Amino acid sequence: MLREDRAFKELYPFESKYFELSSGANMHYLDEGSENNDIIVMLHGNPSWSFYYRRLIKAYCNDYRVIVPDHIGMGLSDKPQNYKYTLSNHIANVTELLSKALGSDKKVSLIVHDWGGAIGMGWATAHVDQVDKLIILNTGAFLSNRIPFRINICRIPLFGALAIRGFNAFAGAATSMAVTKPMSKAIKEGFLLPYDNWKNRIATLRFVQDIPLTPNEKSYPTLEEIDNNLKKLKNKKMLILWGGKDWCFNDFFYSEWRDRFPSAEAEYYQDGGHYILEDEHEKIIPRVAEFLNE
């Protein structure tokens, strides 16, 4: 699936690695930089993939070991059709990968975005001693019944499957609706690369269906546990970087992070959208580097 043309390789010049999970699914991940360096783990959301972090990987891989997985069903990972795409399974997959890749005692600075927030905090709250620093990008990891109308309608049976899997409406719309600065054609193609047919869009639908809004939904207890355990991370250094024009993870979520972690450093980018690393990477790359070096 990975394109070999020069334009794409310039955007994403990384060596693909694969790890077979205990479920039998192969998880694609990037592991750039020396094994002797401090570790940064970056976790993406839906409907992006490790491509979202390409600029940060390039910027930090000379000084850090940078590990960036694609969640099962996403990016270049396997996309099984009869798989339980639940929050608990995504957390278990990241846990299994990091246990294999890192061993049991190495510390990690964690960067999370969108669904990567709940997945990453699920791992972090269970591995507090391994957490060094936390960088939060337009995400949530706590209970909320807030959901934008344009996402909620994609949860309607049949309509959601037709829109997301049939017409690629979710990933396709994100290339314009998740940014305030237009993407180039090559970058847009990069985001859409893994989601080129009905079968390959399975997880973009399942993530939407798995949003835990009420106690009746499968992933609600998992998110509730994460919510209750976030306080375990209160003494960790945290940097919150927020796009003010995100219509999904809006200022309610930003305020919630600030309230829960009042000692966190924070930068608010008034004109940044949901894909904050697309809109504000020129400011974010040096800011994160400064934070990691503190």
Side-chain angles (χ1 to χ4, degrees), residues 1-2 12-46 48-80 83-137 139 141 194 203 222 226 232-233 236-237 277 288-289 291-292:
M1 179 187 293
L2 194 60
Y12 192 82
F14 311 114
E15 178 185 355
S16 290
K17 297 181 181 293
Y18 291 88
F19 173 67
E20 185 176 351
L21 297 162
S22 57
S23 65
N26 285 304
M27 189 175 214
H28 173 264
Y29 68 102
L30 304 177
D31 189 350
E32 298 285 320
S34 170
E35 291 186 1
N36 298 321
N37 290 342
D38 292 340
I39 298 166
I40 307 172
V41 173
M42 307 177 183
L43 298 178
H44 70 83
N46 179 38
S48 60
W49 58 294
S50 52
F51 182 81
Y52 177 66
Y53 287 112
R54 65 196 183 279
R55 294 186 178 100
L56 270 62
I57 300 168
K58 292 177 186 177
Y60 306 141
C61 66
N62 289 333
D63 299 314
Y64 296 89
R65 181 184 180 190
V66 184
I67 297 173
V68 192
D70 290 336
H71 305 303
I72 294 301
M74 308 296 285
L76 304 182
S77 290
D78 282 354
K79 300 174 178 63
Y83 182 84
K84 292 183 179 179
Y85 289 98
T86 60
L87 175 56
S88 61
N89 277 345
H90 292 302
I91 295 169
N93 294 338
V94 169
T95 301
E96 194 173 347
L97 173 68
L98 296 187
S99 176
K100 172 73 173 182
L102 304 183
S104 60
D105 59 352
K106 294 183 179 179
K107 284 189 174 290
V108 166
S109 289
L110 192 63
I111 303 179
V112 297
H113 176 255
D114 192 86
W115 267 99
I119 296 168
M121 293 303 153
W123 176 85
T125 53
H127 299 83
V128 176
D129 290 343
Q130 280 186 259
V131 177
D132 186 9
K133 296 178 180 178
L134 297 163
I135 297 149
I136 309 298
L137 312 171
T139 185
T222 305
I226 295 167
K232 293 181 179 181
L233 302 171
K236 301 296 181 180
K237 289 188 175 181
L277 294 182
V288 171
F291 175 72
L292 292 171

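Since the model is a prediction, treat every value here as computed from it, not as a measurement. When reading the values below, keep in mind they use all heavy atoms of this one structure, side chains included, and skip hydrogens, waters and symmetry mates.
Note that NZ of K236 is 7.5 Å distant from CG of D132, once rounded to the nearest 0.5 Å. For the atom pair CG of L110 and CD1 of I136, the computed distance is 7.0 Å after rounding to the nearest 0.5 Å. Atom-to-atom distance recorded for K17:NZ and E32:CD is 8.0 Å, nearest 0.5 angstrom. Summarising the geometry, atom CZ belonging to F51 is positioned 10.5 Å from atom CD1 belonging to I57; distances are rounded to the nearest 0.5 Å. Here H44 contributes atom NE2 and H113 contributes atom NE2; the two are 11.5 Å apart, rounded to the nearest 0.5 Å. Here the straight-line distance linking atom CD1 of I135 with atom CD1 of I40 works out to 6.5 Å at 0.5 Å rounding.
For the pair N89 and Y83, the minimum side-chain heavy-atom distance is below 4.5 Å. Side-chain atoms of L233 and L134, non-hydrogen and from C-beta on, do get closer than 4.5 Å to each other. Proximity of L137 to I111: side-chain heavy atoms (C-beta onward) are separated by under 4.5 Å at one or more points. S48 places none of its side-chain heavy atoms less than 4.5 Å from the side chain of Y53. With a 4.5 Å cut-off on side-chain heavy atoms, V41 and Y29 do not count as touching. Contact of the F14 side chain with the R54 side chain is registered, since non-hydrogen atoms from C-beta on lie closer than 4.5 Å. K58 has its side chain within reach of P13: a pair of non-hydrogen atoms, C-beta onward, lies under 4.5 Å apart. Looking at heavy atoms from C-beta onward, I91 lies in side-chain contact with I226 at the 4.5 angstrom threshold.
Nearest heavy-atom pair across I72 and A203 is O-CB, 4.1 Å. The two residues K232 and T125 make their nearest non-hydrogen contact at CD-O, 3.7 Å. Nearest heavy-atom pair, L76 versus S16, reported as atom, atom and distance to 0.1 Å: CD1-OG, 4.0 Å. Shown here for G75 and P194, the closest heavy-atom pair between the two residues is O-CB, 3.1 Å. Across all their heavy atoms, M27 and P69 have their closest contact at CE-CB, 4.0 Å.
Taking the six-membered ring where the residue is Trp, W123 and H127 present parallel rings, their angle staying beneath 30° rather than reaching 60°.
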>> Walk me through whether L43 and V94 qualify under side-chain contact (heavy atoms from CB on, under 4.5 Å).
In response: CA-CA 9 Å; L43 298 178; V94 169; 4.1 Å; yes
> Given W115 and L87, is the side-chain contact (heavy atoms from CB on, under 4.5 Å) satisfied, shown in steps?
Replying inline: CA-CA 9 Å; W115 267 99; L87 175 56; 4.0 Å; yes
>> Run R55 and L277 through side-chain contact (heavy atoms from CB on, under 4.5 Å) and show every step you take.
In response: CA-CA 8 Å; R55 294 186 178 100; L277 294 182; 5.8 Å; no
> Going through the distances and angles, do I67 and L102 end up as a side-chain contact (heavy atoms from CB on, under 4.5 Å)?
Replying inline: CA-CA 10 Å; I67 297 173; L102 304 183; 3.4 Å; yes
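Pairs engaging residues 59-72 under the side-chain hydrogen bond (donor to acceptor under 3.5 Å, both in side chains) rule: H28-D70, D31-R65, S50-D70, Y64-N293 [sequence neighbours left out].
With hydrogens and angles disregarded, no donor-acceptor distance shorter than 3.5 Å links the side chain of N26 to the backbone of D78. Between the K100 side chain and the E20 main chain, no donor and acceptor come within less than 3.5 Å of each other. The backbone N or O of F291 lies less than 3.5 Å from a partner atom in the side chain of K133, making a donor-acceptor pair.
A search for side-chain contact (heavy atoms from CB on, under 4.5 Å) contacts involving S99 returns nothing, not counting sequence neighbours. Annotation: side-chain contact (heavy atoms from CB on, under 4.5 Å) contacts of E96 (sequence neighbours excluded): F19, L21, S22.
By the 6.0 Å contact criterion, NZ on K107 is enclosed, its count of non-hydrogen atoms from other residues, nucleotides or ligands being greater than 12.
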